[in-house]
Amino acid sequence: VQLVESGGKMVQAGDSLRLSCLASGLTDHPMAWFRQALGKEQEFVASISWGLVMTDYADSVKGRFIVSRDNAKSMLFLQMNGLRPEDTAIYYCAAGPRYGVHGSSREFYDDWGQGTQVTVSS
């Protein structure tokens with residue numbers, strides 16, 4: 001399993017940005033985004049189920065971020081709107097086992113990407 005994130009860059013507060021994760025062969029796998037700011041623990045951002053396209057979000061991003069997937073293109077996305085300086089972090093794509101559950105726990109996910117840096121300036 002290979003997960004490759006892209007789309008991270010430096011933006012200003014209030015801007016929008018879309019992250020992408022190439023996730024070949026993971027149509028039936030739950031997926032998620034986590035992030036880790038410098039000096040802080042990794043935290044859950046958003047997840048999406050493999051089937052009925054159910055989603056879950058951290059309270060800190062609810063209403064601003066949207067997670068989606070395009071199984072035909074083997075892609076996972078994170079649309080980030082209204083970015084804030086506190087959103088600055090390395091963002092990681094994660095995939096769980098086939099037909100697995102999705103949610104905020106790291107334990108749901110077996111495979112991880114290398115991360116992409118998002119920096120939001122004030």
Side-chain angles (χ1 to χ4, degrees):
V1 175
Q2 185 174 19
L3 302 174
V4 181
E5 302 96 335
S6 62
K9 64 178 184 179
M10 180 177 289
V11 297
Q12 293 188 337
D15 285 353
S16 295
L17 191 63
R18 189 175 81 158
L19 303 183
S20 301
C21 175
L22 177 61
S24 299
L26 296 176
T27 301
D28 298 324
H29 297 245
M31 299 196 70
W33 290 97
F34 285 75
R35 67 186 181 186
Q36 186 167 19
L38 189 63
K40 295 186 177 181
E41 293 187 355
Q42 192 180 65
E43 64 175 359
F44 169 76
V45 176
S47 65
I48 187 166
S49 65
W50 59 269
L52 298 177
V53 198
M54 297 174 66
T55 58
D56 191 17
Y57 296 92
D59 288 343
S60 59
V61 307
K62 201 170 294 183
R64 298 189 298 124
F65 290 10
I66 300 171
V67 61
S68 62
R69 64 193 300 167
D70 184 338
N71 288 335
K73 297 182 179 179
S74 298
M75 296 293 292
L76 175 73
F77 302 104
L78 184 67
Q79 177 67 41
M80 303 186 293
N81 302 317
L83 282 162
R84 304 167 180 169
E86 53 264 40
D87 295 319
T88 295
I90 299 175
Y91 283 72
Y92 298 91
C93 170
R98 195 178 187 191
Y99 304 133
V101 297
H102 78 105
S104 60
S105 173
R106 283 178 48 88
E107 296 181 355
F108 292 155
Y109 308 99
D110 300 325
D111 297 288
W112 298 80
Q114 82 290 347
T116 186
Q117 176 72 49
V118 174
T119 302
V120 185
S121 62
S122 57

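Atoms considered below: every heavy atom in the structure, side chains included; atoms not considered: hydrogens, waters and symmetry mates. Along the sequence shown, residues are numbered consecutively beginning with 1.
Taken to the nearest 0.5 Å, the CZ atom of Phe34 stands 7.5 Å off from the OG atom of Ser47. Atom CG of Asp28 and atom OH of Tyr99 lie 4.0 Å apart (nearest 0.5 Å). We find the CZ-CE distance between Phe77 and Met31 to be 11.0 Å, quoted to the nearest 0.5 Å. Distance CD/Gln12 to OG/Ser122: 9.0 Å, rounded to 0.5 Å. In this structure, Asp87 CG and Ser60 OG are separated by 7.0 Å, a value rounded to the nearest 0.5 Å. One distance of note links CG of Asp110 with CZ of Arg98; it measures 14.0 Å at 0.5 Å rounding.
The backbone N or O of Ala95 lies less than 3.5 Å from no partner atom in the side chain of His29, so there is not a single donor-acceptor pair. Checking side-chain atoms of Thr55 against main-chain N and O of Ile48 turns up no donor-acceptor pair under 3.5 Å. Here the side chain of Ser49 pairs a donor or acceptor atom with the backbone of Met54 at under 3.5 angstrom. Looking at Thr116, its side chain does come within 3.5 Å of a backbone N or O of Gly8 through a donor-acceptor pair. For the pair Arg64 (side chain) and Gly82 (backbone), a donor-acceptor distance under 3.5 Å is present. Here the side chain of His102 pairs no donor or acceptor atom with the backbone of Pro30 at under 3.5 angstrom. Formation of a donor-acceptor pair under 3.5 Å by the Asn71 side chain with backbone atoms of Ser74 is not found in this model. For Ser68 (side chain) and Leu78 (main-chain N/O), no donor-acceptor pair under 3.5 Å exists by modelled atom type.
Cluster annotation: Tyr91 is connected to Val120 through the hydrophobic network of ILVMFWY side chains, with a link wherever side-chain heavy atoms come within less than 4.5 Å. Both Tyr109 and Val101 sit in one connected hydrophobic cluster of ILVMFWY residues. Membership requires side-chain heavy atoms under 4.5 Å apart, directly or through other members. The same ILVMFWY cluster, assembled from side-chain heavy atoms under 4.5 Å apart, contains both Ile66 and Leu76.
In this structure, Glu43 and Val61 have side chains that are not in contact, with every pair of non-hydrogen atoms separated by 4.5 Å or more. The shortest distance between side-chain heavy atoms of Gln2 and Ser24 does not fall below 4.5 Å. Annotation: side chain of Thr27 is not in contact with side chain of Arg69 (no heavy-atom distance under 4.5 Å).
For Glu5 against Gly113, the heavy-atom pair with the smallest separation is OE2-CA, 3.2 Å. Shown here for Leu19 and Trp33, the closest heavy-atom pair between the two residues is CB-CH2, 3.8 Å. Heavy atoms only, all atoms of each residue included: Asn81 and Ser16 are closest at OD1-OG, 3.0 Å. Considering every non-hydrogen atom in both Met80 and Val118, the closest pair reads CE-CG2, 4.0 Å. Minimum heavy-atom separation, Tyr57 to Val67: OH-N, 2.9 Å. Shown here for Leu3 and Cys21, the closest heavy-atom pair between the two residues is CB-SG, 4.0 Å.
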Exercise. Just do the side-chain contact (heavy atoms from CB on, under 4.5 Å) check on Gln117 and Thr88 with the steps written out, would you?
Key: CA-CA 8 Å; Gln117 176 72 49; Thr88 295; 4.0 Å; yes
Exercise. Would you sort out whether Met75 and Leu22 count as a side-chain contact (heavy atoms from CB on, under 4.5 Å), showing the intermediate values?
Key: CA-CA 5 Å; Met75 296 293 292; Leu22 177 61; 3.6 Å; yes
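Aromatic ring orientation, Trp112 versus Tyr92: perpendicular (interplanar angle above 60°, classes split at 30° and 60°).
Of the charged side-chain nitrogens involved, at least one lies within less than 4.0 Å of a carboxylate oxygen, so that Asp59 and Lys62 count as a salt-bridged pair.
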